[in-house]
Amino acid sequence: MGAPDDEYDNDEECEFAEEVSSTPSAVVKSCNNDAYCARRDAPMSSSKSSSVDPSSSSSVVFSPELLGVYYSRLFPYDLLYSWLSYDPSSIVVNNGKVVTPSKASSSSSSSSSPSSSLTFPRREFSMTIEPSPGQEVYIRYQSFTSRDELCSAVTRRRPTKIDIGAVFNHPPKDNKSLPSGRLQTVERELVFDIDLTDYDAVRNCGCGGADICKKCWTYMGMAMEVIDAGLRLDFGFVHVAWFYSGRRGVHCWVCDDGARKLSNEARSAVASYFEVGYTSRPASASISRYLGMHCVPLFPSFRAHHVNLGSDKNKGMHLSSPLHPALSRAHEILEPHFVDRVLPEDGHGLLATRASWTKLLLTLPKAAHPVASKLEERWRSTKDRSTPREKWIELKSELASFVGGGPARGGGGPAKAPKNMSSIDRTRIEMWPVETVFQQTYPRLDINVSKMQNHLLKSPFCVHPKTGRVCVPIDSNDFATFDPFAVPTLARLIRELDEYEAKSGDGDAGVVHDWQKTSLRGPFECFQKKFLVPLLNDERRALKEERERRAAVIGDF
Amino acid sequence: MNVAGPVRSRQSSHTTSSYDAKNKRADGGSSSSSGVDMYLDVPSFELSLDEFEEFALARLKVLRKIEEMKARNLLPDLYRSQLDAAIKSNLRSNDRIDVASHFILRAAYCRNEDLRRWFLTQECHLFRHRLESLSSRGPGNRGSGNGNGNNHDELRDFLIRNDFDLDRVSAIEKERLRDKLLCVPGTNPVEFNVTEYYRVPFVQALELVGRRECHVSDGNAYVPLARIVSIVAAKFRSSLSRSLASAGVMFRQVVSRDEKTRIGPLLTSMNSQYTGPGGGGTGTAYGIDGEGTLTAANVDDMAARSMPLCMKQLHRGLQRDHKLKHQGRLQYGLFLKGAGMTLEEHTLYFQREFTRIMTGEQFNKQYAYSIRHTHGKEGKRASYTPYNCTRIILGNPPQSGAEHHGCPFRHYDDASLSALLGQLKIGNTVDRDAIMAHKRDGNFQLACSRHFEAVHPGAIALEGVSLDGVGNHPNAWFSASVSYYNAKSKKGGGAMTDGGGMTVVKAEEGV
């Protein structure tokens with residue numbers, strides 16, 4: 001579209017190139033009202049009119065004007081529509097190459113045949129709009145009959161956030177005209193929300209609240225791996241999509257037919273299947289008193305206080321022994337990450353310094369006191385050069401030989417457990433390494449999001465207003481490597497778009513959508529190929545089987 | 001819909017139905033011991049009016065037997081053998097009796113919350129008993145070789161017939177999954193080899209899945225036989241509960257329109273057939289004579305003299321704190337309504353207490369509505385039934401201090417109850433010890449009856465005093481007490497010194 005756009009001046013471009021870390025101070029720029037209105041009138045125009053007052057804040061990653069361009073040119077309405085309509089005809093697979101019907105053709109087909117069996121028109125969308133800076137208006141129960149209707153509403157309203165709700169028995173926009181109680185949820189993807197704020201207790205990187213860094217993001221990678229494996233292997237779900245939430249978390253959408261139709265009760269059950277509670281280490285205030293001390297009175301009277309993973313349930317629960325198969329698998333997944341990314345200095349440093357290992361040893365069950373004293377003494381010695389990984393292995397084998405009587409690694413002779421140790425103590429000591437791994441790394445779900453069909457969750461492909469980053473899909477091969485700081489910001493995208501068009505004009509073959517001209521191309525096409533196409537193929541197969549079954553019943557082939 | 005079952009049964013002229021066919025296959029002849037049925041299909045065969053009543057009463061005997069045995073806390077073995085005997089003598093005389101009687105009683109007991117609750121509870125016990133006897137001769141008694149295959153097939157048949165989509169896990173697969181299955185909490189390694197596992201879609205085992213108490217793989221839950229019983233029982237309970245609720249909605253229409261003179265009266269009187277308790281009376285039946293007898297003016301005296309302990313506690317709580325929490329307002333308010341207090345008096349009484357700590361405006365804003373609601377004047381204008389003992393005992397316990405609802409015999413600890421009895425000067429030490437003994441044994445309703453006897457000596461010998469339902473319903477307790485004092489005052493407080501022993505017998509029957 002349009003001629004190369006050079007209206008961004010150089011100085012602003014430089015700013016766009018810079019990686020802007022997520023800070024709450026990211027500016028929601030006050031918009032010029034005239035420009036805003038102009039945008040409303042011409043939503044499909046090129047990015048020209050979005051060029052903003054260059055004298056404005058230098059680190060703009062997000063502004064209503066940029067958002068306007070994003071919604072009018074980059075937002076993948078086709079992907080969202082194909083997905084949420086579960087309509088196989090909305091996407092064409094050509095020799096293995098995916099082609100979404102182009103805007104022109106899809107607009108006519110999708111609006112002309114909104115079959116009543118399609119769920120899209122009965123899907124709730126809700127929008128957060130900012131009519132003026134700082135003023136938020138939340139609009140629920142929106143629904144759209146077609147892709148185009150969605151598109152025009154979004155470009156017109158320019159919401160700072162779009163939420164997706166359930167499919168209802170009636171179009172939710174008729175909410176007001178229906179007798180109360182008539183509008184009922186019918187189906188809804190099974191969704192999960194994981195947020196780094198729930199990890200504050202185990203984030204030793206200095207982040208807290210909404211801040212994130214690469215170190216604490218590793219917890220998200222682990223969480224995605226564990227939940228994804230559980231959903232696929234245990235529950236047999238196939239169409240599982242993950243998205244970056246735009247700031248400090250991830251969202252998971254399970255879209256199998258069976259998952260969409262789960263009752264609230266079943267959702268709760270699945271969510272609690274993934275939920276684990278435990279007893280936490282003592283509060284750090286009580287630890288600091290012992291740090292400088294000689295190691296002997298390691299366990300005077302600290303009271304372990306209980307925290308939990310995810311929700312307030314299961315307070316103080318220990319893991320049962322033996323571990324449930326799902327938890328064993330989670331442990332197999334998590335422990336290597338724990339060793340690589342949590343223990344060392346460049347991770348969360350759990351065994352990297354004397355202070356931190358003393359703190360960790362303090363969490364051992366009281367009965368394992370001799371092991372703690374022994375290791376504390378050994379690691380304190382200047383001769384000791386063991387790495388955090390070696391310390392972890394040593395700690396585990398010391399504990400094992402302490403309760404099991406086997407030979408311990410290293411010199412000094414193993415500490416021996418008293419013969420009369422209770423079986424409860426024995427189990428607690430055996431389970432301690434596992435519980436420690438879980439406590440540090442096991443996914444912490446906000447399970448209330450998963451429990452109800454009608455809970456809203458932010459739509460993928462939105463832009464987070466605080467960071468300006470797009471909620472991009474995360475491929476299941478990239479859980480460990482996904483880098484939230486590499487996710488393009490609005491500003492960067494607009495610049496890429498302009499650069500692309502300056503370079504090659506508008507006529508490149510294979511480029512149908514403007515988003516293909518930007519760094520959104522990778523994640524979006526991956527989503528299309530690996531999630532959307534298999535999903536719609538399954539839908540097509542199911543439709544065909546249903547047709548054949550019906551034909552067989554009435555004898556009409 | 002289920003109301004229509006027995007009603008329609010007499011109008012249709014055919015006895016054939018898919019139900020019969022299924023049932024015959026299941027029972028494999030009258031000798032079958034199982035007779036487990038989810039009662040999902042409404043039968044359609046003809047019954048005479050006599051049979052209609054006879055069948056229903058036969059089942060009622062069994063259900064009341066169950067209630068009685070549960071109240072007495074019988075040992076499991078004794079419970080099973082007695083229940084088997086009761087089933088045999090009542091529900092085996094005829095092929096159709098079991099299913100017919102279930103649906104007749106379902107219709108008779110769908111009318112209100114208390115009846116539904118009672119019926120649901122007893123039916124679930126019965127169902128579970130039958131299901132367990134279907135599976136118990138399985139792994140448990142394997143000593144006699146492989147002779148139990150039949151039972152498992154019967155259970156299997158039952159599960160298939162009722163759309164429980166499950167596969168028995170083959171020996172080979174079980175071996176392959178051994179490590180995983182053994183890691184599930186609650187699995188007994190010793191019994192593993194003789195435990196049968198079934199594979200069910202995980203949505204059928206949600207409770208187990210949610211608590212991670214089964215192995216889950218590829219959308220299926222792997223559940224040992226013993227746990228299948230709990231899955232099936234849970235499903236039975238929820239489907240019966242739903243059916244009862246929807247039947248309750250239709251009951252009035254069907255019975256008043258089409259069956260006003262024929263089956264209607266039979267159904268509506270069913271729960272009060274056979275003297276004695278267990279039917280779960282409706283609250284209004286216990287109202288004292290003459291509307292408005294209980295007023296804001298006399299409630300303090302009446303509470304001290306004639307209210308059961310739970311209501312006395314609510315009364316005292318209101319007097320002391322000048323307010324009641326939500327649960328307490330409901331329990332006490334409905335009781336007052338059932339005891340004949342009018343809306344006007346009720347409002348007057350609560351206003352008098354509440355406005356000690358708040359303005360009249362506040363009271364009108366926050367509390368008057370709920371009082372009108374209690375009397376069916378607001379909202380959906382439902383006529384709410386006063387809570388019976390079961391409901392109070394099973395309800396949420398009061399949070400200490402601020403809440404006064406619940407059953408003191410159930411919800412107070414020994415020390416507080418004992419102190420309370422002393423403080424209220426209830427009976428003599430012998431009485432109080434007997435009450436405490438009942439409480440400690442978990443016989444809360446017996447304790448309550450004992451309380452009644454202690455403060456109403458010789459009640460049984462008085463004419464016009466009905467002790468039915470004392471210990472089952474607070475309103476029964478109250479009306480019995482009121483009639484006791486009425487009768488006594490008529491006799492001029494005459495010689496009422498003996499008869500205590502008799503009272504005990506009667507009151508214990510009443511539980």
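Chain naming here is simple, since letters A, B, ... match the order of the sequence lines and numbering starts at 1 in each. In what follows, every heavy atom counts, from backbone to side chain, and hydrogens, waters and symmetry copies are set aside.
- Each of B:N220, B:T187, B:V216 has some count of heavy-atom pairs under 4.5 Å with chain A, and the biggest count is that of B:V216.
- Using a 4.5 Å heavy-atom threshold, the side chains of B:S217 and A:L233 count as separate.
- No more than 12 heavy atoms of other residues, nucleotides or ligands sit less than 6.0 Å from atom NZ of B:K325.
- For the options A:D234, A:L327, A:L323, heavy-atom pairs under 4.5 Å to chain B are most numerous at A:D234.
- Between B:D218 and A:F235 there is no side-chain heavy-atom pair separated by less than 4.5 Å.
- In this structure, B:F202 and A:V270 approach most closely via the heavy-atom pair CE1-CG2, 3.6 Å.
- Heavy atoms of other residues, nucleotides or ligands lying less than 6.0 angstrom from NZ of A:K261 number more than 12.
- Under a cut-off of 6.0 angstrom, the local environment of CD in B:E173 is crowded, with over 12 non-hydrogen atoms contributed by other residues, nucleotides or ligands.
- The aromatic rings of B:H215 and A:H324 are tilted relative to each other, their planes meeting at an angle between 30° and 60°.
- The distance from atom CG of B:L206 to atom CG of A:L262, rounded to the nearest 0.5 Å, is 8.5 Å.
- Using a 4.5 Å cut-off between heavy atoms, B:L182 touches chain A through its backbone atoms (N, CA, C, O) alone.
- Across B:C183, B:G219, B:P185, B:A205, the residue that shares the most heavy-atom pairs under 4.5 angstrom with chain A is B:C183.
- Environment of NZ in B:K180: sparse, with no more than 12 heavy atoms of neighbouring residues, nucleotides or ligands closer than 6.0 Å.
- Heavy atoms from other residues, nucleotides or ligands lying under 6.0 Å from CD of B:Q366 number more than 12.
- Here A:P322 is the residue among A:G258, A:A326, A:P322 with the most heavy-atom pairs under 4.5 Å with chain B.
- Atom OG of residue A:S320 and atom CZ of residue B:R212 lie 8.0 Å apart, to the nearest 0.5 angstrom.
- Contact annotation for B:V209: both backbone and side-chain heavy atoms come within less than 4.5 Å of a heavy atom of chain A.
- No part of A:L231 comes within reach of chain B, as not one of its non-hydrogen atoms sits under 4.5 angstrom from that chain.
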